[in-house]
Amino acid sequence: MSRTDERYNVREAEAKWQAVWDERQSFRAREDDPRPKYYVLEMFPYPSGRIHMGHVRNYTLGDVVARYKRARGHAVLHPMGWDAFGLPAENAAIQNGVHPAKWTRENIAAMRSQLKSMGLSYDWSREVATCEPEYYRHEQKIFLDFLKAGLVYRKESWVNWDPVEHTVLANEQVIDGRGWRSGALVEKRLLSQWFLKITAFAEDLLKGLETLDRWPERVRLMQENWIGRSEGLRLFFDLEGRKDRLEVYTTRPDTLFGASFCAVAANHPLAEAMAKSDPGLAAFVAECNRMGTSEAALETAEKRGFATGLHALNPMVEGQRLPVYVANFVLMDYGTGAIFGCPAHDQRDLDFARKYGLPVTPVVAPPGVDPASVVIGDEAYAEDGVMINSGLLNGLPVAAAKAKAIDLMEAKGVGTRAINYRLRDWGVSRQRYWGCPIPIIHCDRCGAVPVPEQDLPVRLPEDVTFDKPGNPLDHHPTWKQVACPQCGAAARRETDTFDTFFESSWYFARFCSPAETTRGFTRNAADHWLPVDQYIGGIEHAVLHLLYSRFFTRALKTCGYLGVEEPFAGLLTQGMICHETYKDADGHWLFPDQVDRRADGAAVELGSGRPVSLGRSEKMSKSKKNVVDPAGIIDTYGADTARLFMLSDSPPERDLDWTEAGIDGAFRYLNRLWRMVGTALPDLPAPGTPTPPSLGPAADKARRQTHKTIALVGEDLERFHFNKAVARIRELTNTLSELPAGDEGGAWALREGLETVVRLIGPMMPHLGEELWSQLGHAALLVDTPWPEIDPTLLVEDSVTVAVQVNGKLRGTIELPKDAEAKMAEAAALALPAVAQQLAGKPPRKVIVVPNRIINVVA
RNA sequence: GCCCGCUUGAUGGAAUUGGUAGACAUAACGGACUUAAAAUCCGUAGCCUUCGGGCGUGCCGGUUCGAGUCCGGCAGCGGGCACCA
């Protein structure tokens, strides 16, 4: 009995079971395991140094899936690693003088031990870190294979250049047109860079989305929009007084009669050529180049243009001259970098036309609107309608007019039907130190020469300094000096490194054979484990990481590495963790643990007692200090409590509000279960005792709920409705706590119920699960115990409660035998006093009977 | 700017295909236990009410016997936009 008086020692129990799992290698994945494979993967973390709540949520979700699938009889692969290259390591080096390698490796060690304290069922023997040559040597080889397969090329591309730091800036490092650290005005620069031909797979990546039926619809839609397939027309405009022509891509060839100008991007060859002899234009181009490279910056900027003085001749409208502008909203990377503007039917064109006093001619009349009365005000009309003011296109609907316009231009020999994608090739060159070296040698005679395979890996030198601006690889005294592998002459190594998305585009495959030294992974292992059955991570990766990984998988297939096209068969995108924000009287942010909530609800600063103003709940971020450190929570409440809270209240794809009350609630449940089992233990029959012949009504009812709960929780877990699963388990717990265990039947049903609760909660609170399972008298580990079985006879109900409505409003409920006949149900419903009162003696006009569900009497 | 998502009690959320709105929890209140507190246990609870009932799922309108769920419009909040990962 002393067991009930003891408190559950969270720290001791969690350490104990972690050691047991570790010792027995409970989570080792083996290819020779005959059970059906299940590969569950969470997005691996950037080793920032400490885990944050987002990680706790992500990895808890994955662990529940992994443990559940294991219990369901799968051979589970559940690995973990480190996305270890990236900018923060270099920032730390510049700010604190720590070497990125040291900083990163120490961070990995710290985070590994934090993750281990969560009791996650990883096969740690498969751990990888992308910053180690054992990992990145293989991606250098992959790059060279892609090169051979014609999937890599080199071209000039624009970057944000910080003239003080002599570095390329990421978009997020450009703030209001200035470098974040230096404050210098950012310039755009053209650099020669490596590109991967993701556009070669544009159509395939789009088509493949249809097969991803276990992906969230919105992610597929985001990718579809990102790829941005459009059908249209490429056509040439003759330029007055010049021999060359202007090539334009349009998805609206139907609106050619409404054209009032042409515009080219600031980087368009025509613009650049003309800027040489036009200082005004040169200044405008320079200004556009300062705008930053992000699409958001371009689109939100005021539409501006510079008239070149040139005129283009509209190929559709004989003799019509259109002024040619250089405009800041035309993108060189999309289509041909040149457009024609039809202001009446495109908002950007309209804004532009209004600003520069260009004509606005409507050529599409909304359905049912008199052509004569079509007027364009401040809003362009981009919807369907009927062509007007358009010569031989008049009267046609938009779709037919598009087709006819294309036919006309093709017949005239000035245009061709074309499919265009918004998707651009992936620039993978980064002018940074802490990344995977690109295995290329530049020779004055032979050009860009691949590093021979036997010379891989090209190791990142660690003897570098960060005291000078620019790329440390560039400053290194010897590293880049090599002989050309082809001609032997003195040559230079490529000093750019890969985009870190490169590493994360194939790590899921590396986990299949992480120890393989000759290549990234073996074909056998990839064929066995891929695709990932369930991938889990943040929605912020909905487009880039996931699209790059899908592209890589196709490219790797092309090169014979693997046989699948889609890397992730199932995808779960989890929401963010939010927390209330606090500011002190001076408007400075405060950490939650600096704030005290008094009994009257007022918030004050801990210690000083000064008033604190409460802000709404926002995504946890260091800048707003609304963060809670998981390490402290795990230390105080244990991993199981943190895990349960992560699963309890919000569905995984939704944002989750971190609250002290929520974590308290989870902790209370943990202790309640512990006490319940302890209290019941002396009364329970031995494990495996056969069902007594008669149980009694309370025990029978409890059994029914136990088996119903197994069924419901199973369904909920399959669909990732973890919060509902928790609610069902708590309901069963509530029932069991009221079940009298004095008689044989009650005690038997209580054991079955408690064992069920322990087994169902196991994937969520694995340490408590093991502890209670062992206390209930089982020698085998809970992780090696299969999911509980359902007795289907206990799921059958013989009567149902049916709602009775009058005119759609609830007036009462009746108890009916299951699948009762409609006539009988109707009679029972009409016999209800509340129904009779509503009818007031008149016969009902109609009675709708939905079997086992509802009866609606229409008065 | 473009694309996407979300909005249900004081709070997080639940509600098969349209079929009893508010499961489960949190906070609150009342009670038991305690010298007291904590913990624990039991109970109450959408709002209004003349106790018949009426009103309630961001707002306005529609479809339907019946709408949180479907359709149209509007508002608020959040995410992504190619060099953060």
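The figures here come from the full heavy-atom set of this structure, side chains too, leaving out hydrogens, waters and symmetry mates. By convention in this document, chain letters (A, B, ...) are assigned in the order of the sequence lines, proteins followed by strands, and residues within each chain are numbered from 1.
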Quickly work out the [X] [atom1] to [N] [atom2] distance and round it to whole Å.
{"X": "A:L670", "N": "B:U26", "atom1": "CG", "atom2": "P", "answer": "14 Å"}
{"X": "A:Y637", "N": "B:U26", "atom1": "OH", "atom2": "P", "answer": "13 Å"}
{"X": "A:L544", "N": "B:C84", "atom1": "CG", "atom2": "P", "answer": "9 Å"}
{"X": "A:F645", "N": "B:A27", "atom1": "CZ", "atom2": "C1'", "answer": "13 Å"}
{"X": "A:R57", "N": "B:G12", "atom1": "CZ", "atom2": "P", "answer": "14 Å"}
{"X": "A:M576", "N": "B:G78", "atom1": "CE", "atom2": "P", "answer": "10 Å"}
{"X": "A:Y548", "N": "B:C84", "atom1": "OH", "atom2": "P", "answer": "10 Å"}
{"X": "A:M764", "N": "B:A25", "atom1": "CE", "atom2": "C1'", "answer": "14 Å"}

What heavy-atom pair brings [X] and [Y] nearest, and what distance separates the two atoms?
{"X": "A:A263", "Y": "A:V330", "result": "CB-CG2, 3.9 Å"}
{"X": "A:L760", "Y": "A:T709", "result": "CD1-CG2, 3.8 Å"}
{"X": "A:F352", "Y": "A:A327", "result": "CE1-CB, 4.1 Å"}

task: Test side chain to side chain donor-acceptor pair (under 3.5 Å) on A:E815 and A:T801 and set out the steps.
output: CA-CA 5 Å; A:E815 198 73 14; A:T801 309; 3.0 Å; yes
Intra- and interstrand pairs of RNA chain B - dot-bracket, Watson-Crick/G-U under 3.5 Å, | marks other strand: (((((((..(((......[....))).(((((.......))))).(((....)))..(((((..]....))))))))))))....
Is there a side-chain contact between [X] and the phosphate of [N], meaning an N or O under 4.0 Å from OP1 or OP2?
{"X": "A:K303", "N": "B:G1", "value": "no"}
{"X": "A:R430", "N": "B:C83", "value": "yes"}
{"X": "A:R432", "N": "B:C84", "value": "no"}

Roughly how many Å apart are [M] and [N], using the [atom1] atom of each and rounding to a whole number?
{"N": "B:G80", "M": "B:C47", "atom1": "P", "answer": "38 Å"}
{"N": "B:G61", "M": "B:C55", "atom1": "P", "answer": "15 Å"}
{"N": "B:G78", "M": "B:A28", "atom1": "P", "answer": "29 Å"}
{"N": "B:A75", "M": "B:A25", "atom1": "P", "answer": "40 Å"}
{"N": "B:U34", "M": "B:C24", "atom1": "C1'", "answer": "31 Å"}
{"N": "B:C2", "M": "B:A10", "atom1": "C1'", "answer": "38 Å"}
{"N": "B:G9", "M": "B:G56", "atom1": "P", "answer": "14 Å"}
{"N": "B:C83", "M": "B:G76", "atom1": "C1'", "answer": "33 Å"}

With sugar-phosphate meaning primed atoms plus P, OP1 and OP2, does [X] contact a base, only sugar-phosphate, or nothing at under 4.0 Å between heavy atoms?
{"X": "A:W426", "value": "nothing"}
{"X": "A:R668", "value": "sugar-phosphate"}
{"X": "A:S648", "value": "nothing"}
{"X": "A:Q193", "value": "base"}
{"X": "A:V850", "value": "base"}
{"X": "A:L423", "value": "base"}
{"X": "A:P651", "value": "sugar-phosphate"}
{"X": "A:Y669", "value": "nothing"}
{"X": "A:T801", "value": "base"}

Proximity of [X] and [Y] rings by center, below 6.0 Å:
{"X": "A:F502", "Y": "A:F552", "result": "yes"}
{"X": "A:F498", "Y": "A:W194", "result": "no"}
{"X": "A:Y135", "Y": "A:W506", "result": "yes"}

More than 12 heavy atoms of other residues, nucleotides or ligands under 6.0 Å from [atom1] of [X]: is that the case?
{"X": "A:K155", "atom1": "NZ", "answer": "yes"}
{"X": "A:R304", "atom1": "CZ", "answer": "no"}
{"X": "A:R229", "atom1": "CZ", "answer": "yes"}

Could you tell me how the ring of [X] sits relative to the ring of [Y]: parallel (under 30°), tilted (30 to 60°) or perpendicular (over 60°)?
{"X": "A:W103", "Y": "A:Y46", "answer": "tilted"}
{"X": "A:Y507", "Y": "A:F44", "answer": "parallel"}
{"X": "A:Y136", "Y": "A:F85", "answer": "tilted"}

Evaluate the side-chain proximity of [Y] to [X]: yes if any heavy-atom separation is below 4.5 Å, no if none is.
{"X": "A:L205", "Y": "A:I198", "result": "yes"}
{"X": "A:L212", "Y": "A:R550", "result": "yes"}
{"X": "A:L547", "Y": "A:L423", "result": "yes"}

Provide a list of protein-nucleic acid N or O atom pairs under 3.5 angstrom, restricted to nucleotides 46-53 of chain B.
none

task: Just label B:G5 as syn or anti from its O4'-C1'-N9-C4 or O4'-C1'-N1-C2 angle, using within 90° of 0 for syn.
output: anti
- request: Assign B:G52 to syn or anti; the rule is syn for a glycosidic angle within 90° of 0 and anti otherwise.
  value: syn
For the side chain of [X], starting at C-beta, report the closest nucleotide among [options].
{"X": "A:D83", "options": "B:A85, B:G78, B:G5", "result": "B:A85"}
{"X": "A:R853", "options": "B:G12, B:A21, B:U16", "result": "B:U16"}
{"X": "A:R675", "options": "B:U40, B:G13, B:C3", "result": "B:U40"}
{"X": "A:L87", "options": "B:U26, B:A82, B:A85", "result": "B:A85"}

query: Does any donor atom in the side chain of A:E738 or A:N734 lie under 3.5 Å from an acceptor atom in the other side chain?
result: no
- prompt: So, are A:D425 and A:K197 salt-bridged, with charged N and O less than 4.0 Å apart?
  reply: no
field: Ionic contact status for A:K708 with A:E731, cut-off 4.0 Å
entry: no
field: A:R672 vs A:S429, nearer the 5' end of RNA chain B by closest nucleotide
entry: A:R672
Got a list of protein N/O to nucleotides 22-24 of chain B N/O distances below 3.5 Å?
| from | atom 1 | to | atom 2 | distance (Å) |
| --- | --- | --- | --- | --- |
| B:A23 | O2' | A:E731 | OE2 | 2.5 |

Proximity to RNA chain B (any heavy atom under 4.0 Å), residues of residues 654-663 of chain A only: A:R654, A:D655, A:A661
Those residues that, when tested against A:D655, pass side-chain contact (heavy atoms from CB on, under 4.5 Å) (two or more places apart): A:M576, A:C578
Table of protein N/O atoms under 3.5 Å from nucleotides 64-71 of chain B N/O atoms:
| from | atom 1 | to | atom 2 | distance (Å) |
| --- | --- | --- | --- | --- |
| B:C65 | O2' | A:N856 | ND2 | 3.2 |
| B:C65 | O2 | A:N856 | ND2 | 2.5 |

